[in-house]
Student: 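Structure provided below as structure tokens; questions to follow.
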Amino acid sequence: MKAIDSGRIRSCAARVSLLVLAILAGTGDAAAAGLVPRSLGPTTSAMVAIEKNYAPGTIVVVTANRTLDLVISQGRAIRYKIGVGRDGFRWSGTVKVGRKAEWPDWRPPVEMKARAAGLPDLVPAGPLNPLGARGIYLYKGGTDTLYRIHGTNEQSTVGGFASSGCFRMSNADVIDLYERVKVGSTVIVK
């Protein structure tokens, strides 16, 4: 199992075009131009049977399948479609939900800013923020990993390999998950 604290911790990626929209949203120009998303995106949740028994409340991410399961009882889970890390940004391990935020702001980490010059220091909360409607922050040993389970306004990335290691969900799905998951829950990434 590849450790997540292997020295190159990365946070979620968002395309530069989305950041431009987020900056425009802060000035009001995006709303005037009709660029503010009008939908929270699709709901992909489905009740599924799972083979392994995990404690209720556990989140199990299967990167290869691009799915996230929230275990609700022995052998049963709610499954969501997610976007995962692109080549070179996938990871595995066990972490905990360290905190949750509604309409979080986004501060691109230093590593991401080095890869994409021109990223702002802060993208304020709102409908065009790359973290979308909700952020579920993943911690290991009490330390923020910089990885998130979060919403996205780029629906085409859900179900794909597109991020810098975060797990993207439609805003509708992340709102549902956010209401169900508790701080301290175990997250297993395979």
Side-chain angles (χ1 to χ4, degrees), residues 1-23 37 40-42 44-45 59-70 79-101 103-120 122-123 125-140 144-178 181 187-190:
M1 185 182 298
K2 183 177 171 188
I4 75 163
D5 54 354
S6 62
R8 290 186 357 182
I9 295 178
R10 297 177 184 94
S11 186
C12 353
R15 296 182 188 192
V16 173
S17 62
L18 183 59
L19 293 174
V20 169
L21 293 176
I23 293 165
L40 292 176
T44 67
S45 62
I59 293 174
V60 181
V61 172
V62 180
T63 301
N65 296 343
R66 293 167 314 283
T67 58
L68 180 151
D69 291 351
L70 174 62
R79 179 166 290 163
Y80 303 91
K81 181 178 175 181
I82 61 171
V84 300
R86 63 187 182 272
D87 286 343
F89 291 87
R90 289 188 283 276
W91 59 277
S92 61
T94 301
V95 294
K96 298 278 187 181
V97 173
R99 76 180 187 95
K100 305 184 324 180
W103 293 104
D105 58 11
W106 181 57
R107 296 177 189 278
V110 173
E111 299 87 352
M112 187 176 288
K113 290 178 79 171
R115 290 190 310 271
L119 288 178
L122 171 70
V123 178
L128 292 175
N129 184 296
L131 296 185
R134 303 290 183 270
I136 299 170
Y137 295 70
L138 305 179
Y139 281 60
K140 183 158 183 103
D144 187 352
T145 64
L146 303 180
Y147 293 118
R148 315 280 184 252
I149 299 168
H150 65 81
T152 184
N153 298 310
E154 289 188 279
Q155 295 304 314
S156 64
T157 65
V158 176
F161 297 94
S163 78
S164 289
C166 287
F167 306 109
R168 295 180 183 178
M169 305 176 77
S170 74
N171 283 321
D173 280 348
V174 81
I175 289 169
D176 182 63
L177 178 66
Y178 181 94
V181 72
V187 179
I188 300 166
V189 180
K190 299 179 177 185

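We number each residue from 1, following the sequence as shown.
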Student: Is the charged tip of Lys100 near the ring of Tyr137: under 6.0 Å from the six-membered ring centre and within 45° of its axis?
Tutor: no

Student: Would you confirm whether Asn171, through its side chain, and Gly41, through its main-chain N or O, come within 3.5 Å as a donor-acceptor pair?
Tutor: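 No: the side chain of Asn171 does not pair with the backbone of Gly41.
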
Student: Is the side chain of Thr145 donor-acceptor paired with the backbone N or O of Leu138 at a distance under 3.5 Å, no angle test?
Tutor: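 At least one qualifying donor-acceptor pair exists.
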
Student: Just checking, any donor-acceptor pair under 3.5 angstrom between side chains of Asp176 and Tyr80?
Tutor: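 Side-chain D/A pair, Asp176 to Tyr80: present.
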
Student: Indicate the atoms forming the closest heavy-atom contact of Pro42 with Ala172, along with that distance.
Tutor: O-CB, 3.8 Å

Student: Nearest 0.5 angstrom please: Asp144 CG to Lys140 NZ, how far?
Tutor: 13.5 Å

Student: Rounded to the nearest 0.5 Å, how far does CZ of Phe167 lie from OH of Tyr147?
Tutor: 8.5 Å

Student: Of the non-hydrogen atoms in Arg115 and Ser164, which two are nearest, and what is the gap between them?
Tutor: NH2-OG, 3.2 Å

Student: Can you tell me how far NZ of Lys96 sits from CD1 of Ile59, rounded to the nearest 0.5 angstrom?
Tutor: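 Interatomic distance, Ile59 CD1 to Lys96 NZ, rounded to 0.5 Å: 11.0 Å.
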
Student: With a 4.5 Å cut-off on side-chain heavy atoms, are Arg90 and Phe161 touching?
Tutor: yes

Student: Is Pro108 close to Lys113 at the side-chain level, that is, under 4.5 Å between some pair of heavy atoms?
Tutor: yes

Student: Out of curiosity, Leu68 CG to Ile136 CD1, how far, rounded to the nearest 0.5 Å?
Tutor: 8.0 Å

Student: Would you say the side chain of Thr63 lies within less than 4.5 Å of the side chain of Val189, judging by non-hydrogen atoms?
Tutor: yes

Student: For the pair Asn129 (side chain) and Pro104 (backbone), establish whether a donor and an acceptor sit closer than 3.5 Å, ignoring hydrogens and angles.
Tutor: yes

Student: With no hydrogens and no angle check, just 3.5 Å: does a side-chain donor-acceptor pair link Thr157 and Arg168?
Tutor: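 Yes.
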
Student: For the side chain of Trp106 and the backbone of Ala125, is there at least one donor-acceptor N/O pair under 3.5 Å apart?
Tutor: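 No.
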
Student: Is there a donor-acceptor pair closer than 3.5 Å between any side-chain N or O of Arg66 and the backbone N or O of Ile82?
Tutor: no

Student: Given Met169, which partner from the list Thr152, Leu177, Ile175, Thr44 fulfils the side-chain contact (heavy atoms from CB on, under 4.5 Å) test?
Tutor: Leu177

Student: Starting at CZ of Arg134, measure out to CG of Leu40 and round the result to the nearest 0.5 Å.
Tutor: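 Answer for the CZ-CG pair, Arg134 versus Leu40, is 8.5 Å.
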
Student: If you measure from SG on Cys166 to NE2 on His150, what distance do you get to the nearest 0.5 Å?
Tutor: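 Atom-to-atom, Cys166:SG and His150:NE2 are 4.5 Å apart.
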
Student: Does the side chain of Val61 come within less than 4.5 Å of Lys190's, by heavy atoms?
Tutor: no

Student: Do the non-hydrogen side-chain atoms of Val187 and Thr94 ever get within less than 4.5 Å of each other?
Tutor: no

Student: Determine whether Gln155 and Ser170 satisfy the following criterion, side chain to side chain contact (heavy atoms under 4.5 Å, CB included), listing intermediate values before the conclusion.
Tutor: CA-CA 6 Å; Gln155 295 304 314; Ser170 74; 3.3 Å; yes

